[in-house]
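Step one of this worksheet: look at the structure below.
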There are 2 protein chains.
Amino acid sequence: MALRHAVLAALLDEELSGYQLTKAFDLGVANFWHARPQQLYAELTRLEKEGLIAGREVVQDTRPTKRLFRVTDAGAAELERFTATATKPSFIRDDLLVKVQAADHVDSRALVTRLAERAAFAQARIDLFGELLRAMRGDRDEEEFLRHGERVGPYLTCLRGLAFEQGNRDWCERAAAALRERAAACTGR
Amino acid sequence: MALRHAVLAALLDEELSGYQLTKAFDLGVANFWHARPQQLYAELTRLEKEGLIAGREVVQDTRPTKRLFRVTDAGAAELERFTATATKPSFIRDDLLVKVQAADHVDSRALVTRLAERAAFAQARIDLFGELLRAMRGDRDEEEFLRHGERVGPYLTCLRGLAFEQGNRDWCERAAAALRERAAACTGR
DNA sequence: TAGATCATGTAAACGGTTACATGATTAT
DNA sequence: ATAATCATGTAACCGTTTACATGATCTA
């Protein structure tokens with residue numbers, strides 16, 4: 001039971017439709033969890049059946065009818081209970097690291113390409129998260145916002161997402177530089 | 001198909017038994033992947049059946065007989081092929097971040113406790129990874145080792161693991177400080 | 001008129017976790 | 001004696017991904 005709490009947390013601050021949720025879980029919300037649309041629609045159905053969220057139909061004239069979901073009191077209580085329990089550690093599980101682990105036994109050039117691709121991906125997310133943070137804190141500076149803003153939760157998780165991607169980018173660049181230098185020294189491999 | 005490559009990468013540098021692998025996937029190797037013993041034994045069986053690894057029995061007088069596995073040429077080729085393919089992005093998926101996302105709606109003191117627990121866990125891993133890195137590079141400094149050492153793959157992945165846990169620790173401390181300050185300001189919540 | 005976006009799913013396959021099982025040896 | 005470590009699994013369950021499906025509206 002894990003995705004359910006992520007969905008509840010995402011719905012705390014605003015009513016969202018399934019479709020809007022899928023967008024959030026692709027971008028900003030993905031700072032703290034990641035899920036496919038199919039998973040989200042299934043989870044929304046389950047959560048509603050269990051009374052942790054409540055949906056209401058919104059008929060639109062130009063767009064298809066959608067259902068907006070909000071967290072019920074029971075849902076809020078479930079999140080509270082979840083927060084009180086011990087937290088599982090989170091481990092990195094990353095194809096790219098597997099490839100780098102094998103660095104001394106595989107083609108360096110291919111590996112450097114993979115590292116460059118990931119660095120670019122990380123940079124794009126760094127830019128995105130930077131913008132999201134700026135939008136959340138408005139004209140206040142960070143200290144000020146964290147002290148007096150309402151809804152600092154999403155801001156804090158976005159900060160972690162930002163630092164994670166900066167870590168990815170920096171490490172990719174360092175690893176690629178090391179591998180390139182070794183390749184140059186050996187003229188090949 | 002993901003764990004298989006992690007196992008292959010782990011077996012590249014040394015012959016290991018299933019049991020030794022489970023230890024590695026709990027500690028050092030967990031820098032780049034994480035798996036339970038049951039998963040590893042099952043994967044080893046499959047990999048051997050497919051000819052990507054080869055096992056040999058080692059009879060011990062004091063301990064139960066074990067099987068040591070090494071990567072075959074076919075296994076090395078499979079890793080090479082894997083490295084050449086595009087890499088999936090890796091996303092954070094962390095119960096703790098879900099809890100912090102809900103920070104403005106749940107009990108702050110419970111949350112601060114969770115953050116402190118995670119910070120301590122991260123610090124323990126930082127210490128461990130620091131030692132592993134020192135052991136790998138010996139008396140050389142990092143630049144020197146990355147340039148001329150053999151087997152820099154495991155060193156590079158360990159560097160990523162270290163940075164990841166430093167990021168965890170720093171963020172936990174920052175988030176906890178912010179939440180504590182807000183709690184103090186409101187006297188309650 | 002073709003492609004992106006809004007809106008929501010089903011079904012099958014795969015990967016990972018939890019619970020359980022066994023039995024010997026070594027250290028406290 | 002008891003607990004930890006070495007050594008290896010099976011079975012059931014749960015969570016995630018991939019593939020497929022539908023249909024409207026808006027944008028180039």
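So that the names make sense, note that chain A is the first sequence line, chain B the second, and so on, each numbered from 1.
Between A/Leu96 and B/Thr87, the closest heavy-atom pair is N-CG2, 3.6 Å.
Atom CD in B/Glu43 sits roughly 14 Å away from atom P in D/dT10 (whole-Å rounding). Rounding to whole angstrom units, CZ of residue B/Arg36 and C1' of D/dC13 are separated by 15 Å. When the C1' atom of D/dC14 is taken as reference, atom NZ of A/Lys88 falls 10 Å away, rounded to whole Å. The separation between A/Asp61 atom CG and D/dT25 atom C1' is 12 Å, rounded to whole Å. The distance from atom OH of A/Tyr19 to atom P of D/dG23 is 18 Å, rounded to the nearest whole Å. One interatomic measurement links the two molecules: CD of A/Gln39 to P of D/dC14, which rounds to 15 Å at whole-angstrom precision. Going from atom OH of A/Tyr41 over to atom P of D/dT17 covers 17 Å, rounded to whole Å.
With respect to A/Arg118 and A/Asp94, a salt bridge is recorded, a charged nitrogen being found less than 4.0 Å from a carboxylate O. A salt bridge does not link B/Glu15 with B/Arg70: none of the charged nitrogens is closer than 4.0 Å to a carboxylate oxygen. Checked for salt-bridge contact, A/Arg114 and A/Glu117 meet the test: a charged N lies under 4.0 Å from a carboxylate O. Taking the charged nitrogens against the carboxylate oxygens, A/Glu43 and A/Arg46 do have a contact shorter than 4.0 Å, which makes a salt bridge.
Checking the phosphate oxygens (OP1, OP2) of D/dC6, no side-chain nitrogen or oxygen of B/Ser17 falls inside 4.0 Å.
Residue B/Arg4 is classed as having no contact, given no heavy-atom separation below 4.0 Å to the nucleic acid. Using a 4.0 Å heavy-atom criterion, one finds that A/Gln60 contacts the sugar-phosphate atoms exclusively.
The span of DNA chain C lying next to chain A, judged by atoms under 4.0 Å from heavy atoms, is bounded 5' to 3' by C/dT5 to C/dT18.
Along DNA chain D, the nucleotide nearest to A/Ala35 and the one nearest to A/Arg63 differ in position, and the one closer to the 5' end is contacted by A/Ala35. Comparing A/Pro64 and A/Ala42 by the nucleotide of DNA chain C whose heavy atom lies nearest to each, the residue mapping closer to the 5' end is A/Pro64.
A/Tyr19 places no side-chain N or O within 3.5 Å of a backbone atom of A/Lys66 that could act as its donor or acceptor partner.
Interatomic distance, CG of A/Leu162 versus OG1 of A/Thr157, reported as 11.5 Å (0.5 Å rounding).
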